[in-house]
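Here is the structure we will look at, set down as structure tokens.
Model, not experiment: these values are computed from the prediction.
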Amino acid sequence: MEIFQAYLAAIKNEAHRCRMGEVLTWVQETFPTLEPKMAWNQPMFTYHGTFIIGFSAAKGHLSVAPEAQGLAPFSEDIRASGYSQGRNLFRIPWDVPVNFPLLERIIRFNIEDKRACATFWRR
């Protein structure tokens with residue numbers, strides 16, 4: 001997780017920094033074949049050179065970005081978890097638990113859906 005240390009250190013709120021570190025560590029441990037990287041000043045994970053999921057810390061929430069196509073099948077579960085959703089991401093409020101089973105399903109979906117993808121983003 002060394003690649004994310006500078007990003008984490010820049011999160012001033014200790015609880016937010018710990019939560020983000022917990023999520024990034026969980027992704028790396030749960031999906032060891034994913035490559036952690038920093039791009040566009042956000043931690044993300046790729047698979048064979050294609051984007052799988054990205055994260056960023058905001059004042060009121062942790063943003064999770066699996067691309068629009070990675071969100072659509074899970075919109076109902078995202079809302080049921082108490083998260084708000086935008087076009088390409090959803091927001092986990094800092095005071096709401098992370099629904100790790102949902103996050104796992106989203107990541108597994110993206111890995112499978114992008115298995116033959118030869119570009120960074122879906123087209």
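Nearest heavy atom pair, residue S81 against residue V96, reads O-CG1, 3.8 Å. Of all the heavy atoms in L8 and G21, the pair that sits closest is CD2-N, 3.7 Å. Minimum interatomic distance between P93 and Y83 (heavy atoms only, all atoms of both residues): CD-CD2, 4.0 Å. Contact between I107 and L34 at its shortest, heavy atoms only, is CG2-CD1, 3.9 Å. Residue K12 comes nearest to R17 through the heavy atom pair O-NH1, 3.5 Å, listed as atom of the first residue, atom of the second, then distance. Taking every heavy atom of both residues into account, R19 and P97 meet most closely at NH2-CA, 4.2 Å.
Transitive grouping of hydrophobic side chains (ILVMFWY, heavy atoms separated by less than 4.5 Å) keeps M20 and L89 in distinct clusters. In terms of hydrophobic clustering, with Ile, Leu, Val, Met, Phe, Trp and Tyr side chains grouped at heavy-atom distances under 4.5 Å, M38 and F31 are assigned to a common cluster.
For the atom pair CG (L71) and CD (Q85), the distance works out to 5.0 Å, reported to the nearest 0.5 Å. The OG1 atom of T30 sits 8.5 Å away from atom CG of L103, with the distance rounded to the nearest 0.5 Å. Between the CD atom in E35 and the OH atom in Y47 there is a gap of 12.5 Å [rounded to 0.5 Å]. Annotation: the span from I11 atom CD1 to L62 atom CG amounts to 8.0 Å, rounded to 0.5 Å. The CD1 atom of I106 sits 12.0 Å away from atom CD1 of I111, with the distance rounded to the nearest 0.5 Å. Rounded to the nearest 0.5 Å, atoms CZ (F51) and OG1 (T119) are 12.5 Å apart.
Note: F74 and F109 meet the aromatic proximity criterion, with ring centroids under 6.0 Å apart. Under the 6.0 Å cut-off for aromatic ring centres, F45 and F4 qualify, their centroids lying closer than that.
Annotation for E76: atom CD does not count as buried by contact number, only 12 or fewer foreign heavy atoms lying within 6.0 Å. A 6.0 Å sphere centred on CZ of R115 holds more than 12 heavy atoms belonging to other residues, nucleotides or ligands.
At distances below 3.5 Å, not a single donor-acceptor pair connects side-chain atoms of S63 with backbone N or O atoms of R91. Between the N88 side chain and the A68 main chain, a donor and an acceptor come within less than 3.5 Å of each other. A donor-acceptor contact shorter than 3.5 Å is absent between the side chain of H61 and the backbone of F90.
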**Prompt:** Is there a side-chain contact (heavy atoms from CB on, under 4.5 Å) between E22 and C18 once you walk through the steps?
**Reply:** CA-CA 6 Å; E22 174 190 18; C18 288; over 6 Å; no
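Test Q69, R105, R122 against N110 for side-chain hydrogen bond (donor to acceptor under 3.5 Å, both in side chains) and you get one pass: R122.
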